[in-house]
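Index from 1, following the sequence. The basis for the numbers below is simple: all heavy atoms, side chains too, and nothing from hydrogens, waters or symmetry mates.
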Amino acid sequence: MNYFSFDGFNSTDAGLLVERKKTYGLPERDVEKIHVPGRSGDVLIDHGSYKNVRVSYDCAAQSVDALELLRSALTAGGGYRLLTDSYSPWQRMALFASALDFDELIINRAYRFSVVFDCKPQRWADREQRITGTTSVALTNPGGCTATPKVQITGTGNVTVTFGSAGSIALAGLTATAVIDSEAKVAYLQRADGARANIAVPFFPELTGGTVSATGNVTQIQIWPRWWKI
């Protein structure tokens, strides 16, 4: 049976039948087109990014209870949340921010409707994957992907983190952990009591593979690779 799962809510558990998934196409690239009089062909300003895509599922339910479970799940929180389904192994980060209208079929006592998500254009291979090592971690590309990793270093003192051929970042004054998050574009030191202090780093790594290693008084490296492609 086909299904979708949104932030831990599985449509099958609620007794919903997913009949079809829409939107397998490419997202729209963010490009401005300017026509210059007297010149053939528009001038393009390519911002190098893609716009969000809409992913929808045509569903059916045979009870009001199933609809109530769905409504509760879709309104349980805000922001982007993990969306997976039985149609593809790729994962998306999705926001539910549309109306939900139901068509009641009296004869069969069934309700038909579409659940529409506003999704980031990226597709992730395994967004929640975490790799742990002592002083180094090897990243294996699942195929044609880019990693925008979250890296957490546990140690004390001065530590240098090397991202293969991408370069090295020096971290001074660790007392517990340091986090470099390439997706969120943030880096900070975190003390044992949970307090954070933002730090400046020369770059946020985007990787296609290789090894991440650390030197100094390091006890653990944890990496969430977040392999993705369009």
At their closest point, which heavy atom of [X] faces which heavy atom of [Y], and how far apart are they?
{"X": "Phe4", "Y": "Cys59", "result": "CE2-SG, 3.9 Å"}
{"X": "Trp227", "Y": "Gly209", "result": "CH2-N, 3.8 Å"}
{"X": "Pro225", "Y": "Leu139", "result": "CG-CD2, 4.1 Å"}
{"X": "Ser136", "Y": "Thr211", "result": "CB-CG2, 4.0 Å"}
{"X": "Ile221", "Y": "Ile153", "result": "CG1-CD1, 3.7 Å"}
{"X": "Asn158", "Y": "Gly173", "result": "OD1-N, 3.2 Å"}

TODO: Would you mind listing every ring pair (Phe, Tyr, Trp, His ring centres under 6.0 Å) that reaches into residues 26-54, with sequence neighbours excluded?
DONE: none
Backbone N or O of [Y] within a donor-acceptor pair of the [X] side chain at under 3.5 Å?
{"X": "Asp118", "Y": "Leu95", "value": "no"}
{"X": "Asp65", "Y": "Glu68", "value": "no"}
{"X": "Thr160", "Y": "Thr215", "value": "no"}
{"X": "Ser182", "Y": "Pro205", "value": "yes"}

Should [X] and [Y] be counted in the same cluster of Ile, Leu, Val, Met, Phe, Trp and Tyr side chains packed under 4.5 Å apart?
{"X": "Trp228", "Y": "Leu207", "result": "no"}
{"X": "Val53", "Y": "Val116", "result": "no"}
{"X": "Leu74", "Y": "Tyr111", "result": "yes"}
{"X": "Val18", "Y": "Phe9", "result": "yes"}
{"X": "Leu16", "Y": "Tyr87", "result": "yes"}

If you measure from [atom1] on [X] to [atom2] on [Y], what distance do you get to the nearest 0.5 Å?
{"X": "Gln62", "Y": "Leu17", "atom1": "CD", "atom2": "CG", "answer": "8.5 Å"}
{"X": "Met1", "Y": "Thr12", "atom1": "CE", "atom2": "OG1", "answer": "6.0 Å"}
{"X": "Lys22", "Y": "Ser114", "atom1": "NZ", "atom2": "OG", "answer": "5.0 Å"}
{"X": "Asp126", "Y": "Trp90", "atom1": "CG", "atom2": "CH2", "answer": "10.5 Å"}
{"X": "Leu174", "Y": "Arg191", "atom1": "CG", "atom2": "CZ", "answer": "13.0 Å"}
{"X": "Glu206", "Y": "Phe163", "atom1": "CD", "atom2": "CZ", "answer": "12.0 Å"}

TODO: Take Phe96 and Asp7, measure what side-chain contact (heavy atoms from CB on, under 4.5 Å) needs, and give me the verdict at the end.
DONE: CA-CA 11 Å; Phe96 180 79; Asp7 195 30; over 6 Å; no
Task: Within-4.5 Å side-chain heavy-atom neighbours: Lys33 and Leu44 - done: yes
Open item on the list: Is the shortest side-chain heavy-atom distance between Asn198 and Val186 below 4.5 Å?
Closed with: no
Task: Reference residue Met93; test side chain to side chain contact (heavy atoms under 4.5 Å, CB included); the match among Gln122, Arg123, Arg127 - done: Arg127
Task: Residues which pass side-chain contact (heavy atoms from CB on, under 4.5 Å) with Thr84, listed by chain and number, not counting sequence neighbours - done: Ser5, Leu82, Gln91
Open item on the list: Could you work out, with side-chain contact (heavy atoms from CB on, under 4.5 Å) as the rule, every residue matching Ala94, not counting sequence neighbours?
Closed with: Phe6, Leu83, Phe117, Cys119
Task: Asp58 bridged to Arg112 by N-O distance under 4.0 Å - done: no
Task: Test log, rule side-chain contact (heavy atoms from CB on, under 4.5 Å), inputs Asn52 and Tyr80 - done: CA-CA 12 Å; Asn52 275 12; Tyr80 289 106; 2.9 Å; yes
Open item on the list: Per the salt bridge (charged side-chain N to carboxylate O under 4.0 Å, His left out) rule, what does the pair list look like for residues 41-55, sequence neighbours excluded?
Closed with: Glu28-Lys51, Arg29-Asp46
Task: Between Ser86 and Asn2: side-chain donor-acceptor atoms closer than 3.5 Å - done: yes
Open item on the list: Taking side chain to side chain donor-acceptor pair (under 3.5 Å) as the criterion, tell me which of Lys150, Gln152, Arg226 meets it with Asp181.
Closed with: Arg226
Task: Listed partners of Asp13 passing side-chain hydrogen bond (donor to acceptor under 3.5 Å, both in side chains), at least two apart - done: none
TODO: Taking side-chain hydrogen bond (donor to acceptor under 3.5 Å, both in side chains) as the test, write out the residues that go with Ser168, two or more places apart.
DONE: Thr162
TODO: Would you sort out whether Val159 and Asn217 count as a side-chain contact (heavy atoms from CB on, under 4.5 Å), showing the intermediate values?
DONE: CA-CA 7 Å; Val159 170; Asn217 189 21; 5.7 Å; no
TODO: Walk me through it: do Thr175 and Leu189 pass the test side-chain contact (heavy atoms from CB on, under 4.5 Å)?
DONE: CA-CA 8 Å; Thr175 58; Leu189 300 179; over 6 Å; no
